[in-house]
2 protein chains.
Amino acid sequence: MSKHVKEMGILKEHLGKHQLKFTRQRELILDAFLKQEHITAEEMYHQLARKDPHLGLATIYRTLNLFCEAGLAQARHFGTQTQYDNVSHKGHHDHLICTGCGKIVEFENCDIERLQEEVATRNGFTIQTHRLELYGLCSRCRH
Amino acid sequence: MSKHVKEMGILKEHLGKHQLKFTRQRELILDAFLKQEHITAEEMYHQLARKDPHLGLATIYRTLNLFCEAGLAQARHFGTQTQYDNVSHKGHHDHLICTGCGKIVEFENCDIERLQEEVATRNGFTIQTHRLELYGLCSRCRH
DNA sequence: CTTGAAATTGATAAACCGTATCAAAAAGAA
DNA sequence: TTCTTTTTGATACGGTTTATCAATTTCAAG
Ligand SMILES: [Mn+2]
Ligand SMILES: [Mn+2]
Ligand SMILES: [Zn+2]
Ligand SMILES: [Zn+2]
């Protein structure tokens, strides 16, 4: 029995609304994905090669993109690759990214979130989601 | 006579310190770059094709990367391409994006910017650039 | 439990972006 | 001008992601 009942439900709801099918591969990839904070398609390909050596890389890409459409993942470009962030893992958070070594620090700041709401309201918008990434050098890379 | 005396000076200083040469191409690309807030190598390639049809794409990439090293530009991954931001350009802003109609509203919020700096400092980071995008529905699309 | 239309998969070709290569050209100090 | 070093432009290349397509799987209908 899967531990990720809630997210599996979100996926199934999305599949139902779009005439998509629930497959062994999608279940396998979701289970693996939800154990991560963020991962690349290539990393997941190698991780899952043990469980299912015939799982194709294209399927990994397709499925991770599907998760984005279902709201379970968020794609983020860093360096030459795409990171797929697990939205449900730790609740919402934003990222500090070191341009020197690639280190990623997660943070949450209620004041910023509140100001974002203010900006949106002032412009007549209702926020559904947002993305805040701060790029710079970590203490180690600055020296 | 160029309007970008200050930035041309910064470039020449960098060139001098690194045994690099001042070329017609570097001057041409800097002039075009400073007129933009941000641009991709490909966009610049097509823009400059009129002025110099023989200017190579590799030269654009090399030169924009050189500008980054000289502190005149900052590379930022956006979608699948690299955006080169003009750091000397005033009027930094972030974006509100309507997921209904695609409308984009630009905004600037000093309080958010200040809080970003605080978050970075608290984590030992020095910010080079950042990206804040708020996705939601505009007043028209909400109804 | 079948059946069959529609969706999915896996292998791999292709597209795409940015970098490396290298011979010819240009820069710039002497 | 001369001569060494750097730069350029054309293009090959490498890594990442998407497109293609025949074979397989899903799942709703019978
Ligand atoms: Mn946030
Ligand atoms: Mn900003
Ligand atoms: Zn670092
Ligand atoms: Zn709208």
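Residue numbers start from 1 in every chain, and the chains themselves are labelled A, B, ... in the order their sequence lines are given, proteins ahead of strands. Only this structure's heavy atoms are used, side chains among them; waters, hydrogens and symmetry mates stay out. As the structure is a computational prediction, the values presented were derived from the model and not from experiment.
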(message) What is the first contacted nucleotide of DNA chain C and what is the last, in 5' to 3' order, if contact means an atom lying under 4.0 angstrom from a heavy atom of chain B?
(response)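 With heavy atoms of chain B under 4.0 Å away, the range is C:dC17 to C:dG28.
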Among pairs that include at least one residue of [range], which meet salt bridge (charged side-chain N to carboxylate O under 4.0 Å, His left out), considering only residues two or more places apart or in two chains?
range	result
residues 5-20 of chain B	B:E13-B:K17
residues 121-143 of chain A	A:E118-A:R122, A:R131-A:E133, A:R131-B:E133, A:E133-B:R131
residues 72-89 of chain A	A:R76-A:D85
residues 46-67 of chain A	A:R24-A:D52

(request) Please work out which residues in residues 59-76 of chain A have a non-hydrogen atom less than 4.0 Å from an atom of DNA chain C and list them by number. (result)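 Contacts with DNA chain C under 4.0 Å: A:T59, A:R62.
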(request) Could you check which residues of residues 38-56 of chain B get a heavy atom under 4.0 Å from DNA chain D? Sort them by number, please. (result)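 Here the set is B:H54, B:L55, B:G56.
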(request) Kindly state each residue pair satisfying side-chain hydrogen bond (donor to acceptor under 3.5 Å, both in side chains) with at least one member in residues 63-73 of chain A, sequence neighbours excluded. (result)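 Counting only pairs at least two positions apart or across chains, the side-chain hydrogen bond (donor to acceptor under 3.5 Å, both in side chains) contacts touching residues 63-73 of chain A are A:N65-A:Y84.
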(request) Would you work out how much the helix from C:dC1-D:dG30 to C:dA30-D:dT1 bends between its ends, with each end axis defined by five base pairs, to 10 degrees? (result) 30°
(message) Does the protein touch nucleotides 24-30 of chain D at the base, only the backbone, or not at all? Give it as B, S and - per nucleotide, heavy atoms under 4.0 Å.
(response) --BS---
(message) Among residues at least two apart in sequence or on other chains, which ones pass salt bridge (charged side-chain N to carboxylate O under 4.0 Å, His left out) with B:R26?
(response)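 B:R26: no salt bridge (charged side-chain N to carboxylate O under 4.0 Å, His left out) contacts found.
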(request) For A:E42, check salt bridge (charged side-chain N to carboxylate O under 4.0 Å, His left out) against everything at least two apart and list the hits. (result)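 Counting only residues at least two positions away or on another chain, A:E42 forms no salt bridge (charged side-chain N to carboxylate O under 4.0 Å, His left out).
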